Amino acid sequence: MIAIFPGSFDPVTLGHHDIIQRAAPLFSKLIVAVLHNPAKNPLFTVNERVDMLQHLVKDIPNVEVAEYTGLLAGFAREKNAKYLVRSLRSEADCAYEMPMAQANSKLGTDLETVVFFAAPAYIYLSSGMVREVAAVGYTSDFDDTVLDQWVPAAVKAMLRMKLASTKQ
Ligand code: ADP
C-alpha cells in the first residue's frame with residue numbers, strides 16, 4: 001500500500017500538510033513527490049522545496065519526500081506505488097483532476113487516484129496565492145503574521161529570506 005502525493009509544493013502550505021496528515025495513516029508508505037519542472041519557473045528550487053517538506057514531515061514515520069522528473073506513472077512504477085493522492089478544493093480542481101486520474105490509470109499499471117476533499121479552512125489557499133502575497137508584502141511594510149494561517153513557520157522564514165534577498 002504505497003502512495004504518492006505529487007505536486008509542485010512551491011512552497012508547501014498548511015493545506016498540503018493537512019492532506020499529508022490525513023492520507024499517511026491510510027497507507028503503509030506515503031511518498032510526497034516534488035515535481036522538478038524548471039519550465040514552471042518556480043520561486044523555490046527543488047532542493048529547497050524538498051528540505052521544507054522534510055522538515056515538516058519529520059515526525060510522521062511512514063512519510064518520505066522525494067523529487068521526480070518526467071511522467072508520474074514512471075516514477076510510481078519505480079517506487080512500486082499503486083496509489084496517487086490528490087485533493088480537491090473546488091469544481092475547477094475536480095475538472096482538472098478527473099482527466100489526470102484517467103490518464104495516470106492508463107499510463108501506470110493499476111494506478112489508482114485517491115482524492116481527498118480540502119479542509120474548509122484551506123479551500124481558498126494555494127501556493128500561488130502565498131507567493132503573490134509574500135512577494136508584494138515583503139517589498140513594502142508588511143505585517144507577515146498573515147502568513148501564519150497559510151504556511152508553517154519554517155516556510156514563512158524561507159519566504160522572508162528569499163524575497164528580502166531579491167528585493168531591489
Ligand atoms: P500542482 O502543481 O500539482 O497543482 P500543488 O503543489 O499546488 O501542485 O498541489 C498538489 C496537490 O495539493 C494537489 O492535489 C492540490 O489540489 C493539493 N492542494 C493544493 N493546495 C491545497 C490546499 N490549500 N488544501 C488542500 N489541498 C491542496
Side-chain angles (χ1 to χ4, degrees), residues 2-27 29-57 60 62-76 79 81-108 111-135 137 146-156 158-159 162:
I2 301 173
I4 294 178
F5 181 35
S8 303
F9 304 103
D10 185 31
V12 61
T13 68
L14 294 178
H16 296 127
H17 188 215
D18 179 61
I19 300 299
I20 294 168
Q21 284 178 309
R22 288 162 58 196
L26 304 186
F27 301 99
K29 193 200 296 183
L30 179 67
I31 302 169
V32 182
V34 180
L35 174 62
H36 183 39
N37 180 6
K40 265 196 164 181
N41 196 18
L43 176 63
F44 291 102
T45 66
V46 73
N47 286 341
E48 287 170 330
R49 285 179 273 153
V50 165
D51 284 351
M52 286 187 276
L53 275 160
Q54 268 167 348
H55 178 73
L56 192 64
V57 304
I60 317 178
N62 68 328
V63 176
E64 65 180 54
V65 183
E67 63 175 88
Y68 76 100
T69 47
L71 279 180
L72 183 56
F75 180 70
K79 293 288 181 184
K82 297 268 184 273
Y83 302 93
L84 298 178
V85 167
R86 296 289 288 175
S87 83
L88 303 180
R89 287 161 292 182
S90 62
E91 282 181 37
D93 273 356
C94 188
Y96 177 77
E97 295 295 341
M98 278 183 71
M100 289 276 286
Q102 290 186 8
N104 280 319
S105 89
K106 292 268 182 270
L107 288 164
L111 198 48
E112 192 72 65
T113 299
V114 179
V115 164
F116 287 76
F117 290 102
Y122 302 128
I123 275 176
Y124 298 104
L125 174 59
S126 67
S127 298
M129 187 178 79
V130 168
R131 288 196 305 273
E132 278 177 40
V133 170
V146 69
L147 296 177
D148 296 339
Q149 62 193 318
W150 296 336
V151 294
V155 172
K156 181 170 129 177
M158 285 291 287
L159 282 164
K162 170 87 52 176

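Since this is a predicted model, take the numbers as computed values, not measurements. Every heavy atom of this structure was used, including side-chain atoms; hydrogens, water molecules and symmetry mates were not. All ligand and atom numbering here is 1-based and tracks the order in the structure.
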Engineer: Which side-chain hydrogen bond (donor to acceptor under 3.5 Å, both in side chains) pairs, counting each pair once, include a residue from residues 92-101, with sequence neighbours left out?
Structural biologist: R86-E97, R89-D93
Engineer: Does the S127 side chain pair with the main chain of P11, one donor and one acceptor, at a distance under 3.5 Å?
Structural biologist: yes
Engineer: Please, which pairs that meet salt bridge (charged side-chain N to carboxylate O under 4.0 Å, His left out) have at least one residue in residues 46-55, sequence neighbours excluded?
Structural biologist: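 Listed by first then second residue: E48-K162.
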Engineer: List the protein residues in contact with ligand 1, where contact means a heavy-atom separation under 4.0 angstrom.
Structural biologist: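 Those residues closer than 4.0 Å to ligand 1 by some heavy atom are F5, P6, G7, S8, F9, G15, H16, I19, K40, R86, S87, R89, D93, E97, A118, Y122, L125.
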Engineer: How many angstroms lie between CG in L30 and CD1 in I19, if you round to the nearest 0.5 Å?
Structural biologist: 11.0 Å
Engineer: Just by modelled atom types, is the T13 backbone N or O under 3.5 Å from a matching donor or acceptor in the H16 side chain?
Structural biologist: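 Pair found, side chain donor or acceptor close to backbone of T13.
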Engineer: Determine which pairs satisfy salt bridge (charged side-chain N to carboxylate O under 4.0 Å, His left out) with at least one residue from residues 122-133, sequence neighbours left out, and list them in order.
Structural biologist: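 Matches after skipping sequence neighbours: D10-R131.
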